[in-house]
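So that the names make sense, note that chain A is the first sequence line, chain B the second, and so on, each numbered from 1.
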2 protein chains.
Amino acid sequence: MLELRLVQGSLLKKVLEAIKELVTDANFDCSATGFSLQAMDSSHVALVALLLRSEGFEHYRCDRNLSMGMNLNNVSKMLKCAGNDDIITLKADDGSDTITFMFESPNQDKIADFEMKLMDIDSEHLGIPEAEYHAIVKMPSTEFARICKDLSSIGDTVVISVTKEGVKFSTRGDIGTANIVCRQNTTVDKPEEATIIEMQEPVSLTFALRYMNSFTKATPLSSTVTISLSSELPVVVEYKIADMGYIRYYLAPKIEDDEDMKPE
Amino acid sequence: MLELRLVQGSLLKKVLEAIKELVTDANFDCSATGFSLQAMDSSHVALVALLLRSEGFEHYRCDRNLSMGMNLNNVSKMLKCAGNDDIITLKADDGSDTITFMFESPNQDKIADFEMKLMDIDSEHLGIPEAEYHAIVKMPSTEFARICKDLSSIGDTVVISVTKEGVKFSTRGDIGTANIVCRQNTTVDKPEEATIIEMQEPVSLTFALRYMNSFTKATPLSSTVTISLSSELPVVVEYKIADMGYIRYYLAPKIEDDEDMKPE
DNA sequence: CCGGATCTGA
DNA sequence: TCAGATCCGG
């Protein structure tokens, strides 16, 4: 028996918007710890990891570990039927091959339940080792999204270079080149507007902007984003989900770090 | 060495939106006087002339005259990467075949530079003679834009007729005819809402609405537009750019002035 | 001036 | 059906 009640239902709606562009089918894993997902994108290049801790739910009951395969587009369709301030409850009976989404309007006038068939999905749950990162950049999530969007109108890849002074996003394309430098800045009105750089050593890595732009679909979940970089390691782009957990995206750097090595 | 600093960067963004639909490639000319452009549209029917006087820039340095050929779509792409309240600086070294756009966010936290290759463009710089016009109509730019848009859903050409009483915009198409008369009106709350007609003699000329609608892309640059008409002369549609200059569009009238002579 | 929502074109 | 542009509200 599974029963998860989430008062802030809009959060689950945003989570699905943040994942579904990247992943079509995935297993949601439910345990006493929380509600989580780990999946590769359809081209097996990027990885997304979601955690919603049990403490973040108003009510959390999970009698035994469950792995529930779902088509994320279908989940998203169901969740679009929930109002932004609806309370969402997920229910599944043990051994059932369906999951039920229940939506309660704030004034309890409307109660909807949507039942969806589960599917069998080969899960390839990778252990993600905790790593030490050469540089960790924390910045406003909207600013990061804007930069990725802007750069993708010039080129296909972004070089992210971190020094003590700031973080530089660069690209190069047919029509020219672009460099955007964000300086470390902690003297802001609100903490979520700060750009903070924790750096052990300088790092410069290249990534496909296409994936970065998919990651920024999580922007509505958090006002800040954390980008963790190490040579030879996948970058981690993390959006914290208040009081509940996080959504993390992993993407391996392109080998051809050197701009001059670009073909064409 | 060229270095132009424009605090109100959004102005340059608007200028490009106002030109790029009409002109794909053009030379920007830079001299001590200012930053200017003159180009025919791609079908060589309309002419657009831009002037941004040097005094309008916060910093203006132009050591020697430069003519810089650019693809306006690419320029527009770059400028879209600037925030609306960014400070924009254009830089070019003498003899360089590139131009650099620099964008500074208001708080200086984000500094971006975009480098673009220049191109060689045959410039056909026409001297535009100052002319006396039979009629000059000044009206709110939004109203003119609305009229052109509305009429183009009925017909392909507009007849602009000016008398002392007002200006009439007429069209005719398969589904019917339309006439919009704007009366001279100076008794308004704000001067930019006035419709003012200076007329030496009545005039009635026909123009292709397709071009008129392109001209109205400059509407965000000015709250008023000035339309100068003379028989046998191209109309001038001018949008003043506050403190800096103007953007002017020239379009020859259609010969078949007479509505009844329309073919089809 | 920015963010959200809506509407429309591809 | 999705992404872009525009309009409106904070």
Between [atom2] of [N] and [atom1] of [X], the distance in whole Å:
X: Glu17(A); N: dC2(D); atom1: CD; atom2: P; result: 10 Å
X: Lys14(B); N: dC1(C); atom1: NZ; atom2: C1'; result: 12 Å
X: Asp85(A); N: dG4(C); atom1: CG; atom2: P; result: 16 Å
X: Leu22(A); N: dC2(D); atom1: CG; atom2: P; result: 16 Å
X: Asn73(A); N: dT1(D); atom1: CG; atom2: P; result: 11 Å
X: Leu221(A); N: dG3(C); atom1: CG; atom2: C1'; result: 16 Å
X: Asp189(A); N: dC1(C); atom1: CG; atom2: C1'; result: 15 Å
X: Leu11(B); N: dC1(C); atom1: CG; atom2: C1'; result: 17 Å

Report each atom pair, protein N/O against N/O of nucleotides 4-8 of chain D, whose distance is under 3.5 angstrom.
none

Taking atom CG of Asp109(A) as the centre, report whether more than 12 heavy atoms of other residues, nucleotides or ligands fall under 6.0 Å from it. yes

Should Glu17(A) and Lys217(A) count as an ion pair when the cut-off is N to O under 4.0 Å? no

Output yes when Lys240(A) and Glu238(A) qualify as a salt bridge under the 4.0 Å nitrogen-oxygen rule, no when they do not. yes

Using 30° and 60° as the class limits, which term best fits the ring planes of Tyr239(A) and Tyr249(A): parallel, tilted or perpendicular? perpendicular

Sequence neighbours excluded, every pair satisfying salt bridge (charged side-chain N to carboxylate O under 4.0 Å, His left out) that has a member inside residues 135-152 of chain A: Arg146(A)-Asp150(A)

Let's see if you can work this out: which of dA3(D), dC2(C), dG3(C) has an atom nearest to the side-chain heavy atoms of Thr142(A)? dG3(C)

By ring pair (Phe, Tyr, Trp, His ring centres under 6.0 Å), which residues pair with Phe101(B), not counting sequence neighbours? none

